[in-house]
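Here is the naming used below: chain letters follow the sequence lines, and residue numbers restart at 1 for every chain.
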2 protein chains.
Amino acid sequence: MATSRIVPQARFSAQARLRALQSEIMELILDRKLEAGDPLPTENELSLALGVGRNTLRESLKVLQALGVIEIRHGFGMFVAPSNLEALADGLSFRSRLSLRHRGVEALQLIEVRRALESGLIGGSIDCMTAEQLAAIDEAVTLMEELAAAGEDMIAASAQFHRRLFEPLDNELLMSLLDVFWSVYSKIPAELGMDDEGLPETVAVHRKIYAAVASKDKTLAAELLDTHFDGMRRRVAEVVSA
Amino acid sequence: MATSRIVPQARFSAQARLRALQSEIMELILDRKLEAGDPLPTENELSLALGVGRNTLRESLKVLQALGVIEIRHGFGMFVAPSNLEALADGLSFRSRLSLRHRGVEALQLIEVRRALESGLIGGSIDCMTAEQLAAIDEAVTLMEELAAAGEDMIAASAQFHRRLFEPLDNELLMSLLDVFWSVYSKIPAELGMDDEGLPETVAVHRKIYAAVASKDKTLAAELLDTHFDGMRRRVAEVVSA
DNA sequence: ACCGGGACATGGGACATCCAATATTCTGTT
DNA sequence: AACAGAATATTGGATGTCCCATGTCCCGGT
């Protein structure tokens, strides 16, 4: 191997090479102090700068796009993306669906993590909740009740409810995570052929949670969330084991 | 034939097309009832089956690889991947570094989420912890103490400690999330120019947490974790606001 | 009979070169 | 001044070609 190859990247495993390329692009963004919304060099410039073919570069760029690092606009250019973990939902969702074919372990894990997050953070959210935000939660519950009465799908309304529960924390990361979990969770009933989100009990629990939050009862709110997710967990477990 | 393909969802943005292609591949995996470790068709077969060029297909495949859906082995083939969210760390980590650069709010959000997760799940972990797992935690604390005494870097040891705390739950999703958070968190001190993980107080807190876990005191363990992360939060907040 | 090395087949990795699709920007006409 | 269409820049996608990594298998040596 004394033949010191001129090749930029040594003969590391292919996976490592691709990741290295991605890292290089990210470093380039950080080095040039680009911020969200700023344009990146064009594909041609980048492929030249990094010494790789445009096609190889594009593979990395698409990955970065999927990871939510950059935004690619056809015919215009590439830009540093604003925060959003949405893309991760695809991978997670796929994995959960795959797991549901066996014993649903991943789906159950997802619910467990979500339970810990929501019941663990509700206290802090109650602390800094404004009257308007409380009213927005009330509104979401009311919408759920109406949809449930009409027998319509209320998964989206439920998501909005949970989202608004934690808006006071002003924590984008948490919001993104909740969105991801929700988008995965929303596919579970369809995959299992169950329809539990429409149950009147579910709506009632949400109403109770709202009441607890409104009365600033952190312990009760946390408990209710716990039982809510516990119920979900049990239902999924039942269907899967059947 | 492929030429006169009327392109079902043609007029959607290119982004949507790429995502659709990824979905098609995932559907294909699910339809064929492939499980983790099973081989996928070759790139050529897939590009033929899906009616796209091999290059385009590869872009999607690389994305799926990054999302942890498939595993690509050079010269051998592609396989349905076992669980691993490691790749997601790249995106998260990048974004956090981007935000640390000016505001550091995301760092605070990250710590908050981590606090909720760990203090919310420690109880369940204590419930199903074996003697061996407890011993492993003890070992991790001891390692931290030794490293701290020697004045060496103990971030990795700290990560191992937290990881072992939640091993009893056997929740891969949680483990992956903790890894992600840790990989981001480990970059915070460097990015902000602080060096707090080496403090003797930190080690002492970890020892106390171990003691609480060993005595099955869920409440105390959760409290200690809370204060631990709260301390972190305060230190980061100081540096950021300075 | 057993072991090892090398040829071979398979399949992913990388690149160059087209051309198509599309968003922005400029320009010319009204 | 305002609008329509052309020019341009940039990404999207397809194809062909070659390279290289990995696994398999045969064949020869021991």
Do B:Arg73 and B:Pro39 come close enough that some side-chain heavy atom pair is under 4.5 Å? no
In whole Å, I'd like the distance from the CG atom of B:Leu64 to the C1' atom of C:dG12. 16 Å
Ignoring hydrogens and angles, are the base of D:dT15 and the side chain of B:Asn55 linked by a donor-acceptor pair under 3.5 Å? yes
Contact under 4.0 Å: B:Thr56 side-chain N or O vs D:dA14 OP1/OP2: yes
Flag the pair A:Gln22 / A:Leu18 as yes when at least one side-chain heavy-atom distance between them is below 4.5 Å, and no otherwise. yes
Separation of D:dA14 P from B:Arg58 CZ (nearest whole Å): 14 Å
More than 12 heavy atoms of other residues, nucleotides or ligands under 6.0 Å from CD of A:Glu167: yes or no? yes
For A:Phe76 and A:Leu57, find the nucleotide of DNA chain C closest to each by heavy atoms; which residue's nucleotide sits nearer the 5' end? A:Leu57
Can you see whether B:Glu59 engages B:Thr56 through a side-chain donor-acceptor pair at a distance of less than 3.5 angstrom? no
Would the base of D:dG12 count as contacting A:Arg54 through its side chain, where contact means a donor and an acceptor less than 3.5 Å apart? yes
Tell me the interatomic distance from A:Leu40, atom CG, to D:dT10, atom C1', rounded to whole angstroms. 13 Å
I want to verify a distance call: between D:dG23, D:dT11, D:dA14, whose nearest atom is closest to the A:Thr42 side chain? D:dT11
Output the rounded distance in Å from CZ (B:Arg17) to C1' (C:dA20). 10 Å
Please evaluate the base of C:dA21 for a donor-acceptor partner in the side chain of A:His74 within a cut-off of under 3.5 Å? yes
Looking at every strand, decide which applies to A:Gly75 at a 4.0 Å heavy-atom threshold: base, sugar-phosphate, or nothing. base
Take the protein atom CG of B:Leu46 and the nucleotide atom P of D:dG13, then report the distance between them rounded to whole Å. 17 Å
Could you tell me how far apart A:Glu71 (CD) and D:dT11 (C1') are, to the nearest whole angstrom? 13 Å
Is the positively charged end of B:Arg114 above the ring of B:Phe229, judged by distance under 6.0 angstrom from the centroid and angle within 45° of the axis? no
Between B:Asn44 (CG) and C:dA9 (P), how many Å, whole number? 17 Å
Let me know the distance between CG of B:Leu48 and P of C:dG12, rounded to the nearest Å. 14 Å
